[in-house]
Asker: 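For reference, the structure I am asking about is given below.
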There are 2 protein chains.
Amino acid sequence: MAQKQGYLSKNQKIVLDYIEKANQPLKAYSILFNVQKKGLKAPPQVYRALDRLVEIGKVHKIESKNAFVACKNSSCTISNATAFSICDGCEKVTEISNPKLSKYLSGFQDNSGMKYNKYNLEFFGLCKKCR
Amino acid sequence: MAQKQGYLSKNQKIVLDYIEKANQPLKAYSILFNVQKKGLKAPPQVYRALDRLVEIGKVHKIESKNAFVACKNSSCTISNATAFSICDGCEKVTEISNPKLSKYLSGFQDNSGMKYNKYNLEFFGLCKKCR
DNA sequence: TTTAATATGTTATATTATAACATTGTTATA
DNA sequence: TATAACAATGTTATAATATAACATATTAAA
């Protein structure tokens with residue numbers, strides 16, 4: 001079942017399918033329980049798929065929630081530059097796709113001499129409904 | 001041992017002292033092992049102190065590392081607006097204190113109708129030494 | 001001085017994630 | 001086709017991170 005770069009393995013497809021159907025972040029063990037009917041029985045199978053999906057940008061990890069969400073930027077070319085809005089009320093998470101913001105952050109430099117190649121930004125607040 | 005806003009309880013002081021001495025992010029259990037000589041014996045004691053210290057901005061959590069670091073902005077008035085640079089090589093973490101950046105992000109709005117009151121930004125890359 | 005609120009101590013357990021190793025499938029090529 | 005090299009999978013066990021729940025104690029304020 002090896003495969004060329006860019007293709008997804010069986011387990012990766014199963015996990016991605018499930019994450020894409022939900023449009024909210026999912027916990028790894030919740031994914032596990034739900035893909036058991038598809039044959040994935042143990043945590044490493046899910047975590048390995050997640051690791052790879054995150055690596056290729058199909059899935060993002062919401063670090064403050066230890067949860068995983070499908071990438072909504074159809075191109076998925078900016079997985080090294082992620083931004084999310086998170087409602088503290090209903091927990092809704094939305095991927096922010098804002099060219100000005102990503103341009104600003106991708107070009108950010110400070111005087112530390114550090115060369116940045118990736119960032120992750122999480123905004124918190126209350127959405128319309130929860131306000 | 002209740003206390004006025006702004007003062008720290010015994011356990012909070014112990015934990016903060018220890019974190020401030022390190023100038024790198026520390027894991028909760030590593031803190032626990034090291035404050036056991038001071039009488040904090042169990043995880044909840046450490047996590048409770050951490051929760052409070054994070055709440056008041058004396059400590060920040062580096063979400064991508066599940067680690068805790070003392071706030072370096074002497075005023076600690078911006079704990080709702082945090083930014084860090086993280087070296088993927090040596091793992092060094094530095095709090096970014098950049099007025100332009102924080103102004104830009106604090107004022108950020110998108111068309112979602114969401115009202116943001118907090119953000120956390122993590123930059124990744126390689127520092128001078130690791131380049 | 002009782003009440004309410006905050007902090008602590010303690011045990012147990014929940015949740016998240018990885019180590020380690022055996023096996024199987026795939027690709028390339030000798 | 002055989003066989004080597006690699007990628008993916010399966011499996012068990014356990015490590016690492018975090019919280020629930022409840023008892024007790026301390027303090028501040030009504």
Side-chain angles (χ1 to χ4, degrees), chain A residues 1-19 22 24-56 58-69 88 91 93 120 122, chain B residues 1-19 22 24-56 58-69 86 91 93 120 122:
Chain A
M1 289 226 179
Q3 62 196 221
K4 278 187 277 186
Q5 279 280 16
Y7 287 81
L8 297 180
S9 75
K10 190 191 85 189
N11 289 358
Q12 289 157 15
K13 265 181 216 145
I14 291 170
V15 169
L16 180 58
D17 275 2
Y18 183 67
I19 296 178
Q24 64 185 300
L26 299 174
K27 302 286 204 149
Y29 274 73
S30 138
I31 295 169
L32 174 58
F33 296 143
N34 281 281
V35 296
Q36 278 178 337
K37 54 182 78 93
K38 303 268 186 180
L40 281 79
K41 291 178 189 157
Q45 295 174 291
V46 168
Y47 278 103
R48 282 193 294 233
L50 286 173
D51 286 350
R52 181 85 178 110
L53 291 168
V54 166
E55 198 176 283
I56 63 179
K58 291 285 188 189
V59 163
H60 303 306
K61 181 173 186 182
I62 308 300
E63 294 286 358
S64 62
K65 292 190 172 300
N66 297 319
F68 300 85
V69 69
D88 288 323
E91 308 245 292
V93 173
N120 179 56
E122 298 181 4
Chain B
M1 290 230 175
Q3 62 195 222
K4 279 186 275 185
Q5 278 279 16
Y7 288 81
L8 297 180
S9 75
K10 190 192 84 191
N11 288 358
Q12 289 157 15
K13 266 180 214 145
I14 291 170
V15 169
L16 180 58
D17 275 2
Y18 183 67
I19 296 179
Q24 64 184 302
L26 298 174
K27 301 287 204 149
Y29 273 73
S30 140
I31 295 168
L32 174 58
F33 296 142
N34 281 280
V35 297
Q36 277 178 337
K37 55 181 79 90
K38 303 268 186 180
L40 281 78
K41 291 178 189 157
Q45 295 175 292
V46 168
Y47 278 102
R48 282 193 294 233
L50 286 172
D51 285 350
R52 182 83 177 110
L53 292 167
V54 166
E55 198 177 284
I56 64 179
K58 291 285 189 190
V59 163
H60 302 306
K61 182 173 186 182
I62 308 300
E63 294 286 358
S64 61
K65 292 190 171 301
N66 297 319
F68 299 86
V69 69
I86 302 171
E91 308 244 292
V93 173
N120 179 57
E122 298 181 4

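First the proteins, then the strands, lettered A, B, ... as listed; each starts at 1.
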Asker: Between the base of dA19(C) and the side chain of Tyr47(A), is there a donor and acceptor pair under 3.5 angstrom?
Answerer: no
Asker: Rounded to the nearest angstrom, tell me the gap between atom CZ in Arg48(B) and atom P in dC22(D).
Answerer: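 Result: 14 Å.
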Asker: Decide side chain to side chain contact (heavy atoms under 4.5 Å, CB included) for Val15(A) and Leu40(A); before the verdict, give the C-alpha distance in whole Å, the side-chain angles of both, and the deciding distance to 0.1 Å.
Answerer: CA-CA 9 Å; Val15(A) 169; Leu40(A) 281 79; 4.1 Å; yes
Asker: Look at the side chain of Pro44(A) and decide which nucleotide, out of dT16(C), dT10(C), dA19(C), has an atom nearest to it.
Answerer: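 Between dT16(C), dT10(C), dA19(C), the one nearest the side chain of Pro44(A) would be dA19(C).
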Asker: A side-chain contact here means heavy atoms from C-beta on lying under 4.5 Å apart; do Asn120(A) and Ser64(B) qualify?
Answerer: no
Asker: Taking pairing as Watson-Crick or G-U wobble with both contacts under 3.5 Å, can you name the mate of dA30(C), or confirm there isn't one?
Answerer: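 Partner of dA30(C): dT1(D).
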Asker: Take the protein atom CG of Leu26(B) and the nucleotide atom C1' of dA16(D), then report the distance between them rounded to whole Å.
Answerer: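 To the nearest whole Å, that distance equals 16 Å.
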Asker: Do the non-hydrogen side-chain atoms of Ile19(A) and Leu50(A) ever get within less than 4.5 Å of each other?
Answerer: yes
Asker: Rounding to an integer number of Å, can you tell me how far Leu32(A) CG sits from dA14(C) P?
Answerer: 17 Å
Asker: Which parts of residues 33-42 of chain B get close to DNA chain C, meaning a heavy atom less than 4.0 angstrom away?
Answerer: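 Output list: Lys41(B), Ala42(B).
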Asker: Taking the side chain of Gln45(B) as its heavy atoms from C-beta onward, which of dT16(C), dT10(C), dA18(D) lies nearest to it?
Answerer: dT10(C)
Asker: Which nucleotide sits closest to the side chain of Arg52(B): dA7(C), dA17(C), dT8(C)?
Answerer: dA7(C)
Asker: Tell me the interatomic distance from Gln12(B), atom CD, to dT27(D), atom P, rounded to whole angstroms.
Answerer: 14 Å
Asker: Relative to the 5' end of DNA chain C, which residue comes earlier, Pro43(B) or Asn11(B), by the nucleotide with the nearest heavy atom?
Answerer: Asn11(B)
Asker: Rounded to whole Å, how long is the line connecting atom CD of Glu63(A) with atom C1' of dT17(D)?
Answerer: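 After rounding, the gap between these two atoms is 14 Å.
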Asker: So, taking the atom named CG in Asn11(B) and the one named NZ in Lys38(B), what distance separates them when rounded to the nearest 0.5 Å?
Answerer: 12.0 Å
Asker: Report the distance from atom CG of Leu8(B) to atom C1' of dT8(C), rounded to the nearest whole Å.
Answerer: 15 Å
Asker: With the side chain counted from C-beta on, respond yes when Leu8(B) and Leu53(B) share a heavy-atom pair under 4.5 Å apart, and no when they do not.
Answerer: yes
Asker: Strictly below 4.0 Å: does Asn66(B) bring a side-chain N or O up to OP1 or OP2 of dA18(D)?
Answerer: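 It does, given that an N or O in the side chain of Asn66(B) lies less than 4.0 Å from OP1 or OP2 of dA18(D).
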Asker: Whether Glu122(A) and Lys65(A) form a salt bridge (side-chain N of Lys/Arg under 4.0 Å from carboxylate O of Asp/Glu) is what I want to check.
Answerer: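 So Lys65(A) does not pair with Glu122(A) through a salt bridge.
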Asker: Please determine, for the side chain of Ser9(B), which listed nucleotide (dT8(C), dG10(D), dG9(C)) has the closest atom?
Answerer: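 When the side chain of Ser9(B) is considered, dT8(C) is the closest of dT8(C), dG10(D), dG9(C).
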Asker: Can a donor-acceptor pair under 3.5 Å be found between the side-chain atoms of Tyr29(B) and the base atoms of dA15(D)?
Answerer: no
Asker: Round to the nearest Å and state the distance from Lys13(A) atom NZ to dA8(D) atom C1'.
Answerer: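 Spelled out: NZ on Lys13(A) to C1' on dA8(D) is 13 Å.
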Asker: Taking only the side-chain nitrogens and oxygens of Lys27(A), find out if one of them lies under 4.0 Å from OP1 or OP2 of dT15(C).
Answerer: no
Asker: Could you tell me the separation between the CG atom of Asp51(A) and the P atom of dT18(C), rounded to a whole number of Å?
Answerer: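 It works out to 6 Å between those atoms.
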Asker: Could you tell me the separation between the CZ atom of Phe68(B) and the CG atom of Asp51(B), rounded to the nearest 0.5 Å?
Answerer: 7.5 Å
Asker: Can you name the residues that form a side-chain contact (heavy atoms from CB on, under 4.5 Å) with Lys27(A), not counting sequence neighbours?
Answerer: Ser30(A), Asn66(A), Ala67(A)
Asker: Checking all strands, does Lys61(B) fall into the base, sugar-phosphate, or nothing category for heavy-atom contacts under 4.0 angstrom?
Answerer: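 Sugar-phosphate contact only.
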Asker: For the side chain of Lys10(B), counting heavy atoms from C-beta on, which of dT8(C), dG10(D), dT12(D) is nearest?
Answerer: dT8(C)
